[in-house]
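From a predicted model like this one, the values you see are computed outputs, not experimental measurements. One-based numbering, in listed order, for ligands and for the atoms of each.
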Amino acid sequence: MHWTSPESRSRSLYERARQIFPGANTRQQIWMSPYPPYLASGRGPWVTDVDGHRYLDLTGNLGVLIHGHAHPLVNAAIANQLEKGTCFALPTEAELKLGGLLCGRVPAFERLRFTNTGSEAVAVALRAARAFTGRSRIARIEGVYHGSDDLAAVGTDSSPANWGHDPASTPRYPGMPDAILEQVRVLPANDLAATERLLEAADDTLAAILVDPAPLRCGFTPLQPDYLALLRDLSRRSGALLVFDEVIAFRLGFSGAQGRFGIDPDLTALGKIIGGGMPIGAVAGREDVMAVFGNEREAARVPASGTFTANPISMVAGEAAMSLLDSAAFDQLEHLGGTVRQRIASIIDQAAVPAQVTGIGSLFCIHPHDREIRDYRSYHRSRDETDIMGRLHRSLLEQRVLLTPNGGGFLATVMREKHLEQLFDALPRALSQAFA
Ligand SMILES: Cc1ncc(COP(=O)(O)O)c(C=O)c1O
């Protein structure tokens with residue numbers, strides 16, 4: 001039975017949700033019209049909905065589940081910890097194991113502090129940059145998603161309705177204070193001259209330049225090497241810190257995106273994969289900067305502490321997942337990613353529709369247009385293109401393939417090409433329905 005059928009169990013759950021949640025949902029990013037299938041379980045690359053349909057899950061909960069669902073070794077680590085207790089008001093060895101593993105992998109991670117989410121990691125990193133520099137402004141790239149913190153969310157909602165020649169500090173919600181908007185310089189990705197000009201104007205007030213080196217809202221297309229190098233150089237020259245948001249991009253290599261692209265940021269925000277499927281975030285970076293969180297000599301200048309921070313369930317799940325992610329696992333993900341993008345591109349070619357696929361490593365994104373993507377504006381979908389994407393997503397879902405609503409896909413180590421055949425088989429029909 002189809003999940004939208006009036007007799008489906010998904011439908012009855014949706015009807016209940018309408019009485020409880022605004023908009024019937026608790027997470028608008030993954031919501032779809034009229035309502036999505038409700039899930040009952042997941043295992044490996046598959047999820048099963050409450051009506052018993054099995055889908056190939058290419059979302060991995062938006063990049064979290066790099067080993068797929070319910071990995072036995074991650075589950076065993078969680079089960080073992082459950083017996084010992086879930087959270088304490090004193091530290092545990094579990095936090096040292098995961099923290100030590102992460103710092104051991106990335107040279108720029110001289111010190112690390114856990115948070116509960118990626119949004120919190122970004123917010124805490126920006127706070128640390130402000131405290132360290134004694135300055136308040138931040139710069140960030142137009143349209144890119146950095147989570148739900150106010151400061152980091154300015155400029156996310158850029159659209160043709162509000163974009164001028166230079167990117168604007170657009171509010172994320174009505175009533176967002178001007179005092180916050182004024183704190184943010186929004187930069188056009190990969191435009192070196194404009195970025196230099198815009199940053200020079202902010203120069204001695206700038207605390208941080210916040211960058212996702214391969215943002216979803218640029219189709220997981222990495223920023224150009226000369227652009228990343230310019231940001232590194234400009235931040236050094238102006239005395240601002242370079243803050244990488246690797247909440248997703250950390251999955252691009254054994255030493256994260258920074259290892260892959262050869263750039264050492266001052267601070268890095270992490271999340272998603274490092275918690276093995278449990279809630280997590282972290283800020284890591286230069287020892288002198290991280291001293292704002294306190295050290296043997298001085299008390300913390302910046303608050304970064306929470307009831308669930310470094311809870312041992314997230315720590316052991318993260319350690320299990322990250323230990324599985326050795327160089328061989330990255331090689332395998334890299335190879336699968338290349339194959340998937342190539343197969344999708346050739347299916348799009350055969351369908352002769354104006355679509356394209358972009359991405360890097362284990363990330364891919366299907367677009368409802370064939371413009372060259374070099375920044376958020378060229379990625380941005382018109383109303384018609386948004387409708388095409390909606391139909392493509394819906395058709396794939398009906399054929400039991402789950403992508404993110406904007407066409408993003410995240411591969412997992414448990415996936416093989418044979419699993420992906422379900423996507424390759426479904427795509428021709430989805431493209432013809434989308435572009436009909
Ligand atoms: C690049 C990036 N930064 C930050 C976040 C926020 O992470 P969280 O949802 O854990 O708060 C996300 C979430 O999708 C993200 O993709």
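- Taking 4.0 Å as the cut-off between side-chain N and carboxylate O, Arg197 and Asp166 count as a salt-bridged pair.
- Between Glu196 and Arg237, at least one side-chain N (NZ, or NE/NH1/NH2) sits under 4.0 Å from a carboxylate O, which counts as a salt bridge.
- Compare Thr404, Asp245, Ile280, Asn61 by their heavy atoms: the one nearest to atom 3 (N) of ligand 1 is in Asp245.
- There is a side-chain donor-acceptor pair under 3.5 Å between Arg232 and Ser235.
- Each of the atoms 4 (C), 5 (C), 6 (C) of ligand 1 lies under 4.0 Å from some heavy atom of Gly147.
- No hydrogens or angles considered: a donor-acceptor pair under 3.5 Å links the side chains of Thr404 and Asn406.
- Using modelled atom types and a 3.5 Å distance limit, the side chains of Arg140 and Thr156 yield a donor-acceptor pair.
- Shown in contact with Asp212 at under 4.0 Å from a heavy atom are these atoms of ligand 1, numbered in order with element: 1 (C).
- Residue-level proximity to ligand 1 for Glu120 is absent, since no heavy atom of it falls below 4.0 angstrom.
- Taking atom 10 (O) of ligand 1 as the reference point, the nearest protein heavy-atom neighbour is Gly118 N, 2.9 Å.
- Annotation: atom 16 (O) of ligand 1 to nearest protein heavy atom, Ile248 CD1, 3.2 Å.
- In this structure, Leu62 does not count as a contact residue of ligand 1, since none of its heavy atoms falls inside 4.0 Å of the ligand.
- Residue-ligand proximity: Lys272 is placed with a non-hydrogen atom under 4.0 Å from ligand 1.
- Protein heavy atom closest to atom 12 (C) of ligand 1, with residue, atom name and distance, is Tyr145 CE2, 3.6 Å.
- For the residue pair Thr268 / Gln258, a side-chain donor-acceptor distance below 3.5 Å is found, with atom types taken as modelled.
- A donor-acceptor contact under 3.5 angstrom links the side chains of Thr195 and Tyr227, judged on distance only.
- For ligand 1, the atoms lying closer than 4.0 Å to a non-hydrogen atom of Thr117 are 10 (O), 11 (O).
- Given atom 9 (O) of ligand 1, the protein heavy atom at minimum distance is Ser119 OG, 4.4 Å.
- By the 4.0 Å N-to-carboxylate-O rule, Asp375 lies too far from Arg377 to be salt-bridged with it.
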